[in-house]
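Everything numeric here is computed off the predicted structure, so don't read it as measured data. Throughout, protein chains are lettered first and strands after them, A, B, ... in sequence-line order, and every chain is numbered starting at 1.
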There are 2 protein chains.
Amino acid sequence: MEITACHVAKGRPREFDTDSALTAALRVFWTKGYEGASLSDLTEAMGITRPSLYAAFGNKEALFKKTLDLYQREKLDYMGKALDAPTARGVAERLLTGALEMQMSSCDPKGCMGVINSVACGTEAESIRAEVLQRGALVKQGLIDRFERAKTEGDLPGDTDVIGLTAYLTALLQGIALQAGSGTSCTDLKALIDTSLSCWPSK
Amino acid sequence: MEITACHVAKGRPREFDTDSALTAALRVFWTKGYEGASLSDLTEAMGITRPSLYAAFGNKEALFKKTLDLYQREKLDYMGKALDAPTARGVAERLLTGALEMQMSSCDPKGCMGVINSVACGTEAESIRAEVLQRGALVKQGLIDRFERAKTEGDLPGDTDVIGLTAYLTALLQGIALQAGSGTSCTDLKALIDTSLSCWPSK
DNA sequence: TACATTATGTACCGGTCATTATGGAAATCA
DNA sequence: TGATTTCCATAATGACCGGTACATAATGTA
């Protein structure tokens with residue numbers, strides 16, 4: 001049904017590229033958030049009409065989740081790779097510098113798509129909020145597991161509070177995203193990360 | 001004009017208490033954000049009708065700024081007091097534990113009113129965002145000045161990057177607010193603060 | 001009592017929201 | 001060619017948004 005790449009299209013072929021349209025939608029959601037992005041904003045940026053959007057992506061919520069997938073796949077890949085660092089400190093280093101590099105990219109919107117959409121808004125977006133929070137919880141759990149492993153490997157002190165350390169690092173990343181989205185300069189962000197790394201409790 | 005406490009009211013007296021109405025409005029903005037809070041939400045919580053709201057407070061934006069004043073005055077007073085701590089570490093300690101205590105209060109909404117409203121949303125709320133960001137910048141500047149002083153007093157190492165340290169502490173506070181508003185348990189928040197304090201780069 | 005002033009409740013305004021029904025044009029198939 | 005399928009564009013839907021006229025009620029002053 002969904003995957004029609006193997007079939008030859010029977011009727012009139014689609015006149016726009018779904019991927020580039022999705023990328024355009026991502027930029028809109030990224031800068032304006034789910035509720036702040038109207039269908040007019042989206043269709044204008046995507047270069048398609050409303051019925052085309054609904055035919056191709058379902059509705060606004062489904063479109064958002066597809067852009068969220070794209071965002072995680074293309075923009076948050078450094079997070080997965082960070083967990084492969086040999087030490088806990090290396091993980092933190094890759095995460096912090098990865099977040100910084102992402103905010104330095106001049107062609108992308110500032111801030112974090114996840115952070116923007118995890119704050120409370122109207123009741124209509126409650127399911128959106130839940131979705132974003134759930135994905136964030138998965139990332140957090142990955143960090144907890146990684147730090148737990150670091151503890152057994154002797155990489156972190158045996159009395160380390162892994163929950164606390166994870167919440168601490170997560171808070172830093174969230175704060176970075178927030179400040180990046182609020183106009184904090186790149187030099188200030190770099191100073192933030194340098195300070196964070198100089199504070200990190202393991203070698 | 002504004003202060004009519006000395007005069008006897010001339011027309012029909014107001015049937016509701018402006019202060020308690022403002023407190024009710026604060027709770028709504030605090031939990032739903034500026035855009036998420038509709039006038040129906042507000043009037044219902046305040047127990048007044050739409051025209052009464054406009055007569056007493058101007059419009060939605062003016063009402064929001066008044067609730068922001070109330071929030072800063074009553075809920076963020078610990079921030080001003082924190083700057084009076086004798087050492088930089090004491091300042092950080094008071095800020096972090098103050099933020100924690102605030103989130104532990106079971107009768108208030110979770111998260112931070114400022115953080116919630118500093119994220120990007122619709123274009124209509126751009127002035128709101130600017131107002132919130134400006135107030136946040138003032139707080140940040142106060143921290144910078146305090147840490148500068150700590151440096152001259154020998155309380156912080158002479159090579160301390162004050163900008164970085166301030167951004168770092170601010171990021172932690174923002175992350176705490178974000179996680180508190182996202183359902184993170186109080187015990188996890190406490191672990192976050194403990195980890196933060198154990199990392200703090202001065203005695 | 002008469003009047004000015006202020007607050008109140010009802011009912012409504014124009015505008016925007018996400019979503020969809022309708023209809024015609026265009027591209028594939030047999 | 002004819003049938004089928006999917007496209008695009010217009011515009012309508014019902015709900016909700018922030019903001020207001022309007023008439024009425026309650027106070028002060030004269």
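- In this structure, A:Asn59 atom CG and C:dT19 atom C1' are separated by 9 Å, rounded to whole Å.
- Contact detail for A:Leu178 and B:Gln174: the closest heavy-atom pair is CD2-CB, 3.7 Å.
- Closest to the side chain of B:Arg12, out of C:dA7, C:dA18, C:dT28, is C:dA7.
- In this structure, B:Pro51 reaches the bases: a heavy-atom distance under 4.0 Å links it to at least one base atom across the strands shown.
- If A:Asp41 and B:Arg14 are placed on DNA chain C by their nearest nucleotide, the residue sitting closer to the 5' end is B:Arg14.
- Remark: C1' of D:dG18 and CZ of B:Phe29 are 12 Å apart, rounded to the nearest angstrom.
- Atom pair B:Glu15:CD and C:dT6:P shows a separation of 16 Å (rounding to whole Å applied).
- Listed pair B:Lys10 / D:dT27 fails the phosphate criterion, with no side-chain N or O lying under 4.0 Å from OP1 or OP2.
- Per the geometry, OH belonging to B:Tyr54 stands 12 Å off P belonging to D:dC17, to the nearest Å.
- Ring-plane geometry between B:Trp30 and B:Tyr71 is classed as perpendicular, the angle between the planes exceeding 60 degrees on a 0 to 90 degree scale with a lower cut at 30.
- Residue B:Ser40 has its side chain nearest to D:dC17 when only C:dT10, D:dC17, D:dG19 are considered.
- The OG atom of B:Ser198 sits 8.5 Å away from the CG atom of A:Leu165 when rounded to the nearest 0.5 Å.
- Mapping B:Pro13 and B:Ala37 onto DNA chain D by nearest heavy atom places B:Ala37 at the nucleotide closer to the 5' end.
- The phosphate of D:dC17 (OP1 or OP2) has a side-chain N or O of B:Ser38 nearer than 4.0 angstrom.
- In this pair, B:Tyr34 and B:Phe29 present their aromatic rings parallel. The plane angle is below 30°, not in the 30 to 60° band.
- Between C:dT8 and B:Thr49, no contact under 4.0 Å exists linking OP1 or OP2 to a side-chain N or O.
- Protein atom CG of B:Leu53 is 12 Å distant from nucleotide atom P of C:dG9, rounded to whole Å.
- Set against C:dA18, D:dG19, D:dC8, the side chain of A:Phe16 has D:dC8 as its closest nucleotide.
- B:Glu44 has its CD atom 16 Å from the C1' atom of C:dG9, to the nearest Å.
- Under a cutoff of 6.0 Å and an axis angle of 45°, A:Lys66 and A:Phe57 do not form a cation-pi pair.
- For the pair B:Phe57 CZ and D:dG18 C1', the interatomic distance rounds to 17 Å; values are reported in whole Å.
- The CZ atom of A:Arg50 sits 7 Å away from the P atom of C:dA18 (whole-angstrom rounding).
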